[in-house]
Amino acid sequence: MTFNLTLSGADLLLLVPEMLLTVWLCVVLIVDFAMPRLPKEHLAYLSVGGLGGVLACLLWFDLAGISGSLFAHMFVVDGLALFFKIFVVGATILVILASVDYVRRFRFFKGEYYFLVLMSALGMMFMASANDLLSVFITLEFSTFGFYVLVAYLRDDAASNEAGLKFFILGVFAAAILAYGISLVYGETGKLVFQDIAAASYTPGLVIGFLLIFAALGFKIGAVPFHSWIPDTYHGAPTPVTAFLSIAPKGAAFAILIRMFFVSLVAFKPAWVLLLVGASILSMTYGNIVAIAQRNMKRLLAYSGIAQIGNILIGLAAGTKMGGDAILFYLLTYLFANLGAFAIVIAVGNLIRSDEIEDYSGLNRRSPFLAFAMLVFLLSLAGVPPLAGFIGKLYIFVAAIKEGLYTLIIVGLINIVISMYYYLVIVKKMYINEPTDPSPLSISGPMKAVVYVGLAGTLILGIYPQPFIDWVVAATLMFSNVVDSTASMRPTVPPFGG
Amino acid sequence: MVPLSAYVALSATLFATGLIGVLIRRNFIIVLMAVEIMLNAANINLVAFSHYLESMTGQIVALFVIAIAGGEAAVGLAIIIVVFRGKISTNVDEINLLKW
Amino acid sequence: MVLAFFAYCSLVSIVAGFLTVALKNPVHCGIALLTLLLHVAGLFVLLNAEFLAMVQIIVYAGAILVLYLFVLMLLNLKTDERYLHSRFALILFAAVAICGELLLLIVGSPFGGLKGDAPTEVVLKDGASYAIGIKMFSDYLLQFEIIGVFLTGAIVGAIVLAKTPTSADIDNREG
Amino acid sequence: MIDSTLLIILFAPFAGATTLLFVSNKQALLVRVIAAAAAGMSLLTSFYMFFAYDPVEGGFQFVKRFEWSKELGIAFYLGVDGIGAPLVLASSILLFAGIFISWHIKDRTKEFYIFLLILAAATMGVFMSLDLFFLYFFYEMSVIPMYLLLGVWGSHTKGYLDMSDPEGLKKRDSVGFIFNFAANSKEYAAMKLTLFLSVGAVVALMGILLIYKFSGLNTFDILVLREQAKFSGSLATIIWLLIFFGFASIAPIWPLHSWSPVGHAAAPAATSMLHAGVLMKLGHFSIIRIAFEILPETTHELMPIAAVLCIFNIFYGGFVAYYARDTKYVIGYSSSSHMGYVFLGMAALDYISLTGAVLYMFAHALATGMLFAMAGWIYDQTHMRDIPSLGGLVNRMPFVAACFMVACMASIGMPGTVNFIAEVMIIVGSWHKYPFQVLVAVAGIALTMAYLFRMMRGVFYGPMEHKYSHAHDAVAPVDRLPLLLMIACSIAFGIFPGHFYDVIRSGVDPLVTRITAVVPLAEQTREELGVRSEAKVSGDLSRSLLPSDNPSPLTPTRLSSSQAHASRGSE
Amino acid sequence: MLEEFAFGFPILSLLLFLPLLGALSLWLLDDEDLIKNAALAVSALELVLAIIVLLRFVPDSAAMQFSERLRWIPPLGISYHLAVDGISVLFVGLTALLTTLIVVHSCDTVRQQIKLYFMTLLALETTIIGIFVSIDLILFFVFWELMLIPSYFLIKLWGGGVERQYAALKYVLYTLLGSVFMLVGIALLNLNYHDWAVTHHIEPSYSFDFLELLTVPIPRDQQILIFWLIFAGLAFKAPIVPFHTWLPDVLLEGPIGMAVVLAGIKLGTYGFIRFSLPLLPDASKSEGVVTIMATLALIAIVYGAIVALIQPDFRRLLAFSSISHLGFVVLGLFALNFQGLQGSLLTMINLGFSTAGLFFMAGFLYVRRHNTHLSAFGGLARQVPLLATFLLIIGLASIGLPGTNGFVGEFLILLGAFKAHWVYGAVAVTGVILGAAYFLWYYERAMFGPLAQGLGQAMADLHARELFIAVSLSIMIFWIGLYPAPFLRIMNGSVQALVQRLDHGSAGAVQATRLISRE
């Protein structure tokens with residue numbers, strides 16, 4: 001029992017983005033307290049500025065190829081971690097910009113809103129770096145608690161409260177399951193770091209442990225059958241929070257899932273591929289079919305989000321480096337398209353105080369820009385070229401077909417058509433129907449910026465994705481030796497076999 | 001000497017109890033309590049493994065679980081208070097503004 | 001002796017756990033949960049984790065559970081007439097089935113993880129607190145710090161949600 | 001500059017669409033001029049491309065290749081062969097005409113032109129893609145503009161179900177009705193079209209992905225796949241079926257056709273033109289480009305499926321067109337019927353028939369384009385598509401009536417139009433393999449004639465209702481230009497199809513050789529492809545036919561019996 | 001591109017496109033009189049050209065003359081090949097003459113859209129000349145189809161009847177229905193040429209050129225198939241009896257000019273003698289074909305005559321008489337001997353004068369009464385003696401009175417028919433008798449007897465233009481009737497060659513030509 005912690009300057013450098021953000025969120029909180037007369041949107045720009053610094057730092061890491069691990073490999077900074085950190089920080093910046101108008105609706109605690117958003121972002125950045133189960137548990141809860149509060153942020157709104165409560169109950173339930181799963185894995189292996197676990201043999205305890213961990217992460221990403229909180233929470237939460245919730249935590253959770261499946265469980269690939277195939281098929285089909293019946297934009301996007309998660313799971317089920325690449329790329333396309341769509345929902349919600357699809361009637365006449373942007377985002381989600389979503393879906397399918405997951409691809413393709421239908425229903429409302437109130441709509445500067453970023457991302461990723469593909473390929477480089485397509489050729493091990 | 005499997009069995013029983021409690025009870029606070037039972041089950045496991053595997057990691061994880069539980073309880077109860085102010089109810093069935 | 005103490009603690013824990021889930025009055029449930037937490041602390045002692053046992057009693061039983069009871073009092077909850085979830089029978093059946101299998105599989109599992117660097121005698125030499133401290137502030141320092149930030153955030157979050165806003169908090173200057 | 005011809009053709013409309021984004025909707029004329037300029041640019045370059053295409057050299061020309069994604073094996077790879085070139089030309093002609101046909105659209109002009117330009121550019125993109133990925137990319141890209149164009153600017157058959165004949169018979173009781181149920185809403189039509197096409201597209205995508213996987217080459221490059229990909233029997237069958245039915249649904253082949261006439265009917269004129277004119281050809285083209293190129297053996301084996309289905313196409317489409325009461329339905333079903341000829345030409349897998357099929361695609365694009373343009377004009381003037389309710393319009397619009405006549409003639413395959421050449425080729429080429437289908441096809445021509453004349457009579461002749469007395473002829477140059485352009489192309493290529501034929505043939509020959517393993521007949525003289533073997537034959541004949549010293553070849557005079565015997569023996 | 005001008009000057013092309021150019025130049029004119037004169041000038045020039053061709057034509061030769069050949073669509077073997085031989089050259093002259101007469105007649109009778117009318121008429125002339133001078137089958141088919149368009153408009157726009165729309169559509173539809181099958185037949189000929197070349201490893205290529213198609217043998221079964229396919233096209237156009245129903249409608253509803261063209265210029269039967277018989281000799285002389293064709297011909301003769309007998313309307317009567325006469329022509333063709341063929345050919349020409357002449361007469365009557373129904377006439381002979389006289393002359397020619405042209409033709413046909421089978425001849429003779437009956441009966445009722453109601457002094461006799469038409473036709477009638485030798489000499493060579501080819505069948509003939517061309 002000796003104390004053996006040594007941290008050099010180079011080690012600390014790896015922690016700089018997180019530290020910077022931690023300091024910054026304290027600054028935001030203090031500024032909020034210290035200057036009560038400061039207009040609150042300045043806090044938003046302050047937050048964005050800080051996040052910009054973090055983003056710059058992360059990009060520098062990525063370009064300079066700075067990587068390493070700390071604390072007995074429990075905190076790693078590698079391409080994957082950097083990718084997801086950039087992803088999360090980027091999403092956070094966009095969400096904060098999109099929130100500026102919405103926050104005016106809150107009656108109190110406007111400043112704390114930004115603090116909590118930054119807090120969640122910090123948690124998700126740690127998630128991206130988490131390389132052991134304890135870190136997974138802590139960072140997961142860290143990032144989620146911020147959302148508990150944010151979802152219930154509209155204190156006078158019963159729907160928001162209810163959404164917060166449901167999210168919370170299911171969240172802590174998932175946390176308990178996660179904790180129990182971790183305990184079982186720990187019992188079977190004596191280790192928590194992913195790489196160490198990989199050496200473990202195959203026992204029922206381990207299987208159940210990982211199943212429970214997967215269930216908890218499934219809650220996080222909202223894959224069927226762990227999706228039940230998604231529609232209500234999305235519906236009830238303040239729309240910017242919904243936007244945030246629909247993207248950033250998913251990305252961060254996939255960082256963990258990728259590490260877990262590709263590092264720890266690589267030996268059991270045939271078993272978990274089946275599990276993921278099942279989850280993917282259920283998610284896609286359920287999400288898309290239920291989405292058809294939705295009348296509320298946020299609920300529709302919630303169900304479509306479930307379906308999109310199903311699509312992403314295809315990449316995970318492929319279980320190859322290429323599958324990983326595809327997940328990363330898909331998440332990028334999803335970031336721009338989904339956030340863009342939510343930005344429009346926020347904007348329209350701010351203007352007409354409604355999220356019902358019916359109220360989007362004739363949006364094209366009221367604001368051609370909003371309608372066009374929404375069209376682009378929805379079509380990207382549906383996977384129509386030349387938009388990003390198409391490339392994302394294709395990438396995923398290519399990765400999956402290389403592994404011979406035909407059933408999954410067929411289901412995925414059918415689902416594309418189903419999703420096309422309900423997205424087009426919205427398009428129809430916007431473009432074909434006549435507005436009940438023809439007054440024109442216009443949106444504020446920050447919101448416009450978000451929409452433009454979304455449009456630019458959706459188009460660039462669709463038309464010239466190669467730089468981004470290069471990026472994601474580089475980001476998952478460490479898996480190229482761990483997981484290759486030959487892994488699927490190993491003899492199948494039954495999941496509960498003796 | 002108590003065998004490890006006894007601890008595991010105890011923990012599993014408690015976990016199952018908590019799980020069933022979460023699933024069947026209507027009262028949010030009791031649901032939260034059931035979650036606490038599940039967390040405790042996990043803690044028993046962790047500490048028992050820590051002891052039998054001669055590693056401190058389990059205990060540390062258990063400690064973090066307690067900390068997390070504390071933080072979440074604070075937030076969760078705050079949420080329940082907010083909801084209670086609005087609806088005068090803490091029952092799952094009655095919180096149904098949003099259809100499931 | 002050890003066995004008897006284990007048997008006592010585990011049996012009481014199970015009964016208390018059952019009662020927590022089964023009792024109608026939330027306050028009674030809270031008391032049952034308290035019992036459970038205390039006996040789990042006893043088990044921790046049995047496992048040479050006295051620091052954790054103290055934390056269990058002080059933080060869990062002392063702080064968290066009191067918080068629960070406080071909220072129960074605050075909300076003045078009455079005993080439920082129908083205390084089960086509307087779809088409980090179905091769920092119960094499924095849950096029991098799943099839990100039963102879970103139990104069997106877990107108990108049958110070897111749990112022969114790799115031995116660590118803290119055998120009992122070493123822990124006993126310096127005390128569990130010392131051992132935890134060494135570990136906590138070397139390998140698990142980062143997690144510890146994260147928890148620190150987390151708890152700060154949790155406080156802010158709880159305040160944001162639960163605090164009755166004063167006029168200073170209500171900020172309508174921007175419309 | 002290397003050769004950026006195809007880039008100009010492809011990106012001029014995209015550039016136009018992008019420019020339009022920044023133009024206010026209030027400056028309607030500017031919007032139109034920009035759209036027309038973009039389309040005109042594309043058109044001129046297409047003409048240059050088409051005539052600069054060197055049929056002697058053959059193969060893919062104007063090739064442009066940019067690496068796009070190494071990981072996925074995708075390159076932005078453009079090039080046209082003898083099959084793609086005419087279709088690119090057809091697209092740009094129809095786009096240019098469509099811009100002018102839509103000149104009078106008032107509602108959201110800018111958006112209309114943006115979507116129209118994107119639609120046309122996407123179809124051109126398919127015709128020039130040499131990469132499976134981009135082929136699919138552009139293919140799928142063309143679907144959504146269709147949805148909006150139909151949904152927003154389309155037209156309903158208002159109260160179609162309640163209208164009655166002059167005889168007092170309810171429309172819903174007429175035979176045509178059973179084929180048109182629930183089709184009176186443009187939203188319905190748009191959605192149906194989009195979903196059908198999407199289903200077809202994903203089926204085809206499945207096939208493409210299977211090709212990608214089982215070729216094991218990690219590339220979507222059609223030329224590489226063509227040379228190197230080998231597929232085992234049953235796998236090839238599956239892929240072929242996926243590709244065929246996936247793409248045939250847009251063509252549309254018979255049981256999968258039902259979206260098409262509905263869509264045609266609902267669409268605004270320019271969209272119908274592009275839809276019937278080129279969008280449907282995407283199906284045939286993609287089948288040729290993918291199934292024929294990459295799976296030649298399977299194509300040889302399975303193409304009879306198309307030969308069977310095309311009978312239904314021709315007859316079913318023809319009969320429904322005959323009974324339809326709605327101008328656009330008639331044209332729509334006629335398109336559906338005529339696509340059967342293309343399938344027949346493709347199914348026969350003969351040099352001539354496949355050339356005819358490609359030529360027919362071009363010809364049909366022009367003919368149907370004209371018909372839809374004028375149906376659109378009539379609808380704009382009368383707000384009526386119901387044939388029995390119309391009549392006597394020739395008095396109001398003689399120019400349109402005359403053009404309509406020409407268009408009908410072209411559609412029937414009247415000699416002098418390029419359709420005729422195409423029909424002859426299909427008939428000549430397919431007879432050996434499918435004599436029955438050929439007979440069906442020619443009966444279909446008569447059927448076409450019947451319904452088109454019937455429509456023409458119903459619309460332009462007979463008594464005119466007073467309420468149509470305000471209808472105008474196409475007088476302004478912008479209105480006449482598109483019609484005259486299409487007529488001019490149709491007739492010019494009909495009378496001088498030489499270059500056209502050579503171009504197509506240069507694309508078809510290697511393909512059919514691969515599939516049927518039969519060497520093209522004039523292979524020996526291919527280097528003099530423009531002249532081919534006829535030169536010698538006709539040389540001989542010209543000598544033998546001089547009137548002064550040679551008797552008629554009818555007279556078997558100077559033949560001694562021994563010579564006759566000898567030659568008969570040698571036979 | 002141009003491969004040969006056998007004549008040194010593309011006279012056939014000029015002949016072919018002169019009316020079209022004339023039509024286009026009419027477009028530039030505005031003045032009505034000028035238009036009429038210009039149209040007249042064009043048609044007269046055309047007639048002059050046609051006469052030059054006839055004069056320069058080497059008689060008693062079977063060769064294709066004035067040949068012009070231009071590759072059009074080389075890969076498919078489609079060429080722009082024009083030539084005339086003894087079979088077709090007379091039709092060219094006939095067409096030019098009739099068009100000129102129609103123009104003369106139309107100068108008075110057409111009142112509306114004069115410019116368009118003459119343009120259409122001249123365009124029609126181009127297409128008809130095209131049919132006669134085309135040696136390439138596709139070119140032939142092109143003109144065959146194109147002819148429908150001006151016809152359609154002529155009937156529809158300038159027809160006299162109320163049902164003219166219907167009649168126009170019926171005509172076009174029926175003809176087109178037939179021609180698409182003909183197209184298949186043509187395609188099959190082409191294919192056969194190709195296949196033969198492939199199996200013999202000789203310069204494989206496609207060709208639609210009549211002369212080249214003659215050089216390959218065709219299996220008999222295929223010949224029969226092709227025969228019936230081509231038959232479909234020709235029978236509708238001719239029209240042979242079961243396919244004739246459009247004819248009375250069109251002749252009744254359409255303008256006189258169109259009626260003259262359709263009744264006077266026998267495109268359908270020309271098709272038989274031009275293409276079917278020489279290309280498909282084995283099919284043509286096969287028993288089934290001959291029997292069916294002859295039977296149809298006989299049915300046409302008798303049926304047409306009987307129906308004509310009871311027609312009260314002159315133009316309807318003429319329509320059925322035309323059907324009846326066509327029966328003779330077909331009978332002559334399928335007698336398959338020299339006399340029959342020559343008679344048919346001559347009769348086809350004759351009908352251009354007699355039946356067409358009768359339609360002109362009907363036109364004259366129509367101008368006067370706006371009706372050709374019997375009830376409108378009676379006792380005309382006294383009122384309009386000139387008209388009555390010429391009507392009688394032409395009518396007798398149509399009956400086939402010795403001394404008129406009709407006699408020569410019908411006589412030769414009957415001779416041929418008897419030679420083929422006595423039954424054919426016997427039945428055909430009844431047609432002659434009935435023919436005399438229906439015409440004379442009608443003539444008697446219309447021209448003699450009491451003056452019809454309302455038929456007062458308003459009725460004028462033939463004026464100059466009409467007289468010109470009537471006299472021209474009469475001259476031709478008597479010329480052929482009294483001195484047919486020049487015409488027969490023109491035909492002789494070609495008909496002789498045709499008969500020989502029929503005797504040898506396609507295989508035998510082919511060997512010869514191939515050997516020749518290979519030397």
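Every chain is numbered from 1 and lettered A, B, ... according to where its sequence line falls, protein lines coming before strand lines. Quick caveat: nothing in here was measured; it's all calculated off a predicted structure.
- Heavy atoms closer than 4.5 Å to chain C are found in the side chain of B:Leu19, but not in its backbone.
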Start with the C-alpha distance between C:Tyr68 and B:Glu36, add both sets of side-chain angles, then the distance that settles side-chain contact (heavy atoms from CB on, under 4.5 Å), and finish with yes or no.
-> CA-CA 11 Å; C:Tyr68 273 95; B:Glu36 301 291 355; 2.8 Å; yes

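- Applying side chain to side chain contact (heavy atoms under 4.5 Å, CB included) to B:Leu63 and the options C:Ile147, C:Ile132, C:Val59 leaves one that passes, C:Ile132.
- Annotation: maximal heavy-atom pairing with chain C below 4.5 Å, among B:Ser5, B:Ala34, B:Ala48, occurs at B:Ala48.
- With values rounded to the nearest 0.5 angstrom, C:Leu23 atom CG is found 10.0 Å from B:Met33 atom CE.
- Residue contact with chain B, scored on non-hydrogen atoms closer than 4.5 Å, involves the backbone and the side chain of C:Leu67 alike.
- Looking at B:Thr57, both its backbone and its side chain come within 4.5 Å of chain C, counting heavy atoms on both sides.
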Could you check C:Phe44 against B:His51 for side-chain contact (heavy atoms from CB on, under 4.5 Å), going step by step and ending with a plain yes or no?
-> CA-CA 10 Å; C:Phe44 288 171; B:His51 181 75; over 6 Å; no

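- Of the listed residues (C:Val2, C:Val96, C:Ile159, C:Ile14), the one with the most heavy-atom contacts under 4.5 Å to chain B is C:Ile14.
- In this structure, the portions of C:Ala49 lying under 4.5 Å from any heavy atom of chain B include both its backbone and its side chain.
- With a 4.5 Å cut-off on non-hydrogen atoms, C:Leu36 touches chain B through its side chain but not through its backbone.
- Put simply, CZ on C:Phe70 and CG on B:Leu77 are 10.5 Å apart, with the number rounded to the nearest 0.5 Å.
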